[in-house]
Amino acid sequence: MSTTATSKAVLESFNLSTGESVGSVPITPVNQVDAVIAQARAAAPAWAALSAQERADMLKPAGKMLIDKADELGRILSLEQGKPLAEGIGEVESCGQRMDGETDEVAKAVQPDILTDEGVESKIYYDPFGVCATITPWNFPILMPHWTIVPALVAGNTVILKPSEQTPLIADEYVKVLNEFLPEGVLQIIHGEDDQGKALVAGDVDLIAFTGSKSAGQHIMAAAAPGLKRLILELGSKDPCIVLDGADLDKAAAFAARNSFRNCGQVCVSTERIYVQDSIKDAFVNKLIEETKKFTIGDCCDESANIGPMVMSEQKAHVLAQVEDAKAKGANVVYGGQPHEGNFVEPTILDNLNHDMDIMTIETFGPIACIQTVKDGNEAVTLANDTEYGLGAVIFGEDNEASRLARQLTAGMVGVNRSLGGATGSPWVGARKSGIGYHSGPLGHRQFCQLRVVSTNED
Ligand code: NAD
């Protein structure tokens with residue numbers, strides 16, 4: 001069963017546990033996408049003429065409204081995406097709570113910089129591009145649009161969102177809330193599957209901020225090439241977690257379990273591979289089993305469950321096929337692995353893995369903790385870097401040694417004895433085939449801007 005089904009005119013979302021309809025939105029006919037873009041283009045000059053701080057201040061009340069409506073919107077999010085209600089509500093709330101700080105941070109980041117040499121003063125302006133298309137996935141169906149829409153808008157672009165066809169309802173609600181406070185045409189939404197996304201990419205847009213799979217990112221990059229359209233691509237990954245002698249094993253096991261199973265493993269920076277040093281392997285695995293017992297599957301409204309169903313049957317089939325491939329090639333099931341009805345996949349620990357198995361090389365996006373034994377940190381780093389991806393990585397070990405090895409990891413974001421989440425102001429950045437460009441933090445906000453340098457003679 002898929003979350004959504006297309007009929008002639010609407011995208012309908014279904015509760016992933018019960019199959020009941022949650023609601024529907026009208027599909028935007030592909031031949032109307034250019035008209036939507038034209039409206040965004042028409043609204044762009046007046047929006048760009050405001051100061052960044054004026055634009056930021058206009059969005060702030062939307063943050064409060066998101067917080068006020070968090071219960072209602074979080075329920076819609078959870079019903080159509082599957083994550084537990086508390087996480088759905090939390091995702092909505094966090095977007096609301098971030099709004100004041102983030103809008104101010106963008107407004108500050110896009111103020112001009114001044115450089116001087118003897119006889120010359122150069123002003124670096126951070127201008128809007130014009131029209132920004134943002135195309136987003138289903139796994140964090142309000143946070144992902146929020147991450148690109150807020151900087152794009154405050155930087156002075158008008159925006160068109162094409163959310164995932166799996167989670168159109170929450171995206172629609174998000175845009176409605178922001179549009180309570182924005183001028184007409186500044187933020188619009190189009191609904192549909194990849195055809196609508198392709199029409200948007202092919203249309204008269206200046207910047208495409210895409211979050212989603214590597215293969216869709218590759219198509220978008222090729223489609224953007226003739227127009228040399230600006231791109232921010234946030235793509236998939238196969239994040240490693242390294243656990244070495246000297247690590248706090250309680251902390252490492254708690255992290256590895258949570259980061260393998262939260263959101264049913266459907267997180268771009270999920271722990272998809274665990275490399276454990278042989279000397280501490282048994283102790284770590286025992287602790288990981290204990291941590292895994294804390295995760296139970298159930299309907300998003302079942303308060304005793306902390307993992308929901310997978311977002312669609314195709315995703316479940318993909319995860320189980322990787323597990324079967326690994327078992328056929330010698331993997332041991334250490335915990336879980338029992339079949340379940342519907343879209344549920346049980347949190348599972350696999351051991352004795354290697355890089356001949358799909359589950360260690362191809363993005364899984366499911367609740368499977370995958371363990372490979374290594375003899376030392378150098379072997380762990382070599383294996384961790386043996387991937388085309390490079391979004392995040394985490395290493396647990398003795399502080400100095402873990403920090404030294406962290407600099408040898410090829411991921412864009414690395415956590416040492418902690419998760420990879422950075423301090424306020426850090427960009428969200430993938431390396432290698434996990435992305436092009438980055439967003440968030442002052443550096444990320446400027447990716448939504450055209451830099452212009454104006455130099456004058458200094459008296
Ligand atoms: P997806 O690529 O299938 O779809 C994402 C969006 O792109 C959807 O709205 C879809 O309709 C649209 N789309 C698909 N093909 C397109 C095309 N050729 N042109 C234009 N639009 C197109 O991804 P998904 O299954 O929704 O999401 C899961 C993927 O997203 C995973 O690979 C995950 O790692 C990645 N992801 C990455 C990040 C990050 O920050 N790097 C964050 C979240 C998710």
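Whatever order the structure lists them in is the order used to number ligands and atoms, beginning at 1. Here the structure is a predicted model, which is why all the values come from computation and not from measurement. When a residue number appears, it is its place in the shown sequence, counting from 1.
At a 4.0 Å heavy-atom cut-off, ligand 1 touches His219 through the side chain alone. Here Asn139 has side-chain heavy atoms under 4.0 Å from ligand 1, and that is the only part of it that gets that close. Proximity of Val269 to ligand 1, defined as any heavy-atom pair under 4.0 Å, is not found for any part of the residue. If you look at Glu363 next to ligand 1, the close heavy atoms, those under 4.0 Å, all belong to the side chain. Counting heavy atoms closer than 4.0 Å to ligand 1, residue Val267 contributes nothing at all. Contact annotation for Trp428 and ligand 1: only side-chain heavy atoms (C-beta onward) come within less than 4.0 Å of the ligand.
Under a 4.0 Å criterion applied to the non-hydrogen atoms of Pro163, ligand 1 contributes the atoms 9 (O). Taking every heavy atom of Cys268 and a limit of under 4.0 angstrom, the matching atoms of ligand 1 come to 34 (O), 36 (N), 37 (C), 38 (C), 39 (C), 40 (O), 42 (C), 43 (C), 44 (C). Close approach of ligand 1 to Ile135 is summarised as follows: ligand atoms under 4.0 Å from at least one heavy atom of the residue are 6 (C), 7 (O), 9 (O), 12 (C), 20 (C), 21 (N). For ligand 1, the atoms lying closer than 4.0 Å to a non-hydrogen atom of Lys162 are 8 (C), 9 (O), 10 (C), 11 (O). The distance from ligand 1 to the heavy atoms of Met144 drops below 4.0 Å at these ligand atoms: 42 (C), 43 (C). Using a 4.0 Å cut-off to heavy atoms of Gly236, the atoms of ligand 1 that qualify are 32 (O), 34 (O). Taking every non-hydrogen atom of Glu165 and a distance limit under 4.0 Å, the qualifying atoms of ligand 1 come out as 8 (C), 9 (O), 10 (C), 11 (O). Near Phe365, with a cut-off below 4.0 Å to any heavy atom, the atoms of ligand 1 are 28 (C), 31 (C), 33 (C), 34 (O).
Separating the SG atom in Cys300 from the CG atom in Asn306 is a distance of 13.0 Å, to the nearest 0.5 Å.
In terms of protein heavy-atom proximity, atom 16 (C) of ligand 1 is nearest to Asp194 CB, 3.6 Å. With hydrogens left out, the protein atom closest to atom 17 (C) of ligand 1 is Lys198 CG, 3.9 Å, a heavy atom. The closest protein non-hydrogen atom to atom 25 (O) of ligand 1 is Trp138 NE1, 3.0 Å. With hydrogens left out, the protein atom closest to atom 8 (C) of ligand 1 is Thr136 O, 3.5 Å, a heavy atom. Nearest protein neighbour of atom 41 (N) of ligand 1, counting heavy atoms only, is Leu235 O, 2.8 Å. At the shortest separation from atom 23 (O) of ligand 1 among protein heavy atoms lies Ser213 N, 3.5 Å.
Within 6.0 Å of CZ in Arg404 there are more than 12 heavy atoms belonging to other residues, nucleotides or ligands. Atom CZ of Arg41 has more than 12 neighbouring heavy atoms from other residues, nucleotides or ligands inside a 6.0 Å radius. Within a 6.0 Å radius of NE2 in His318, more than 12 heavy atoms belonging to other residues, nucleotides or ligands are found.
Two rings, from Phe255 and Phe396, have their centers less than 6.0 Å apart. Between Trp147 and Phe210, the distance separating the two ring centers is not shorter than 6.0 angstrom.
Side-chain polar atoms of Asp239 and Thr271 form no donor-acceptor pair below 3.5 angstrom. Counting only N and O atoms by type, the side chains of His445 and Glu105 include a donor and acceptor under 3.5 Å apart. Thr364 and Lys238 share a side-chain donor-acceptor pair at under 3.5 Å. Checking Ser13 against Glu80 by side-chain atom types alone, a donor-acceptor pair falls below 3.5 Å.
Comparing Gly212, Gly197, Gly435 by heavy-atom distance to atom 21 (N) of ligand 1, the nearest is Gly197. Taking only non-hydrogen atoms, the option from Pro137, Gly217, Ser440, Gly392 nearest to atom 27 (O) of ligand 1 is Pro137.
Taking the side chain as every heavy atom from C-beta outward, Thr136 and Thr167 never approach each other to under 4.5 Å. By the 4.5 Å heavy-atom criterion applied to side chains, Leu66 and Met99 are counted as neighbours.
Checking side-chain atoms of Asn417 against main-chain N and O of Gly397 turns up a donor-acceptor pair under 3.5 Å.
Checking atom 4 (O) of ligand 1 against the protein gives no heavy-atom contact under 4.0 Å.
Phe140 carries Lys83 over the face of its six-membered ring, with the cationic atom under 6.0 Å from the centre and within 45° of the normal.
Within the structure, the closest approach of Gly430 to ligand 1 does not fall below 4.0 Å when heavy atoms are considered.
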